[in-house]
Amino acid sequence: MDEALVTRLKGIYEDLHRHPELSFEEHRTAGIVTEWLNDLGLEVRAGLGETGVVGVLRNGPGATVLLRADMDALPLQEATGLPYASEVDGVAHGCGHDVHVTCLLGATATLVATKADWSGTLVVVFQPAEEVLQGASRMLADDLFEQVPRPDVVLGQHVAPLPAGVIGLRSGPSFAATNSLRVTMYGAGGHGSRPETTIDPVVMAAATVLRLQGVVAREVAATDVAVVTVGALQAGTKSNIIPDEAQLLMSVRTYDPHVRDSVRAGITRIVNAEAQASGATREPLVEDLESSPAVVNDADAVARVHHALGAVVGADRIVDPGLVTGSEDVGVLAAGADAPLVFWLLGGADPAHFAEAQGPEDIQRIAADLPSNHSPLFAPVQDPTLEVGVSALVAAARAWLEAT
Ligand code: ZN
Ligand code: ZN
C-alpha cells in the first residue's frame with residue numbers, strides 16, 4: 001500500500017484513539033470523516049442517526065457495495081499506557097472502533113485512487129452508537145436507503161485479539177442475537193423484624209435468579225446455544241427495611257430466533273410463577289430494552305469474500321473463529337437493505353504472542369488469554385492491522401465491483 005497513505009492513517013488512528021466519543025456523541029469523529037470524504041470528492045450526507053456519516057461514489061454501471069464502520073467508544077478507563085492513550089477521563093476506544101473508522105477511510109481513499117480500475121457504486125457508512133445497538137436502526141429510521149443507493153451486499157469488519165494479519169470468517173450465524181430485559185418484581189414492604197406482614201421482593205428476586213439458571217440448562221437443547229445472564233439485581237436500602245420492589249437486568253444471547261423466543265417465554269413464565277409463589281398481588285413488569293438480531297453471514301457472499309481475502313493475507317491465514325457470543329448491529333443494516341451480509345474479524349494482536357502457535361486451535365487458545373475487546377488493556381497493534389484492514393475492505397468490495 002501507498003506509504004504516504006499508511007502514515008496519514010496512523011496519524012488519524014492515534015488522534016481518534018486520543019479523543020474517544022460515546023455513543024451518539026461522535027461529533028468530532030464525524031467531522032474528521034466528513035472532511036476526509038469531502039476531500040475525496042464523494043457525495044456526503046452527515047447527521048444520519050444523529051452523528052452518522054455516509055459517502056457515495058457513483059462510478060459507472062454495476063453492483064452497489066456498502067462498507068460499514070462503527071465510530072463510538074466505551075465508558076471505560078483506559079489502562080494500556082500507550083503514548084496515544086485516551087485523553088478523555090472514563091472514555092476509551094476499548095472495542096477498537098477507531099481501527100474500523102481508520103481502515104474504512106483508507107479503503108475509501110484507495111478505491112477512489114483506483115477508480116479507473118472498477119465500475120459500480122460504493123457506499124461507505126460510518127455508523128454511530130454500535131455499543132448501545134441503536135446506531136444502525138437510527139440510521140434506517142432516518143431513511144438511509146432512500147438517501148443512498150440500496151446495496152447488493154453489506155461488508156464490514158471487527159478488530160479482535162487474533163494475530164494481526166489473520167482474519168476470522170465463518171458462514172452462517174457468527175455473532176449472537178442479544179436481548180436485554182428489565183424485570184420489576186412487586187412485593188409489599190415493611191419492618192425487617194416483621195416479615196410476616198410483608199411480601200418480600202428480595203426473596204422473590206433471589207429465587208427467580210436461581211430458577212432462571214434452569215432455562216438454558218433444562219429447556220435449551222444440547223445442540224442449541226443460549227446464554228441467560230442476570231447482570232444486575234437491585235432492591236432495598238437498609239438491613240431492617242423490607243423494600244417494596246426488586247429489579248433485575250438480564251442479557252440473553254442466542255443464534256436461532258426459535259431458541260430466542262422459547263428462552264424469552266421461559267423467562268416470563270418463571271418470573272410470573274416466582275411472584276405468585278411469593279404471594280405477590282401484582283404481576284411483575286417485564287420490559288424489553290435494547291436488542292439486536294444475530295449476525296448471519298450469507299454463504300455465497302462469504303465464499304466470494306473468502307477468495308478475495310485469501311489474496312490479501314493468504315488462504316491459510318483465514319480461520320474460523322467459532323460462534324462469537326458478543327453482539328453487533330451491522331445485521332440491521334443488511335436486513336434494512338434486504339442484502340446479504342459478510343462481517344469478519346480482523347486480527348489486531350501482536351503476532352509475537354503467537355510465535356509458538358502450531359495451528360488454528362493454538363491461535364484460539366492464545367487469543368483467549370490476551371486482553372479482549374472491552375478490556376481497559378485492549379490495545380491493537382497498528383502494524384500490520386491497519387494495512388490489512390484497509391486491504392481487506394478494498395479486496396472484499398472489489399469482489400463485487402467489476403474490473404474495467
Ligand atoms: Zn464493543
Ligand atoms: Zn465493537
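Counting convention: from 1, in listed order, for ligands and their atoms alike. Only this structure's heavy atoms are used, side chains among them; waters, hydrogens and symmetry mates stay out. Everything numeric in this text was worked out from a predicted model, so none of it was measured.
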Got a sec: does the CD of Glu402 have more than 12 other heavy atoms crowding it under 6.0 Å?
no
Does the side chain of His97 come under 3.5 Å of the side chain of Gln127 through a donor N or O and an acceptor N or O? no
* Asked: Can you tell me if Ser174 and Asn297 form a side-chain donor-acceptor pair at under 3.5 Å?
  -> yes
Ignoring waters, protein N/O/S atoms under 2.8 Å from the Zn ion (ligand 1) are Cys95 SG, Glu131 OE1, Glu131 OE2, His374 NE2
Ring-face cation contact, Tyr186 with Arg282, 6.0 Å cut, 45° max
yes
So salt bridge (charged side-chain N to carboxylate O under 4.0 Å, His left out) across residues 108-125, not counting sequence neighbours, yields none
Is the shortest heavy-atom distance from the side chain of Leu22 to the side chain of Phe24 under 4.5 Å?
no
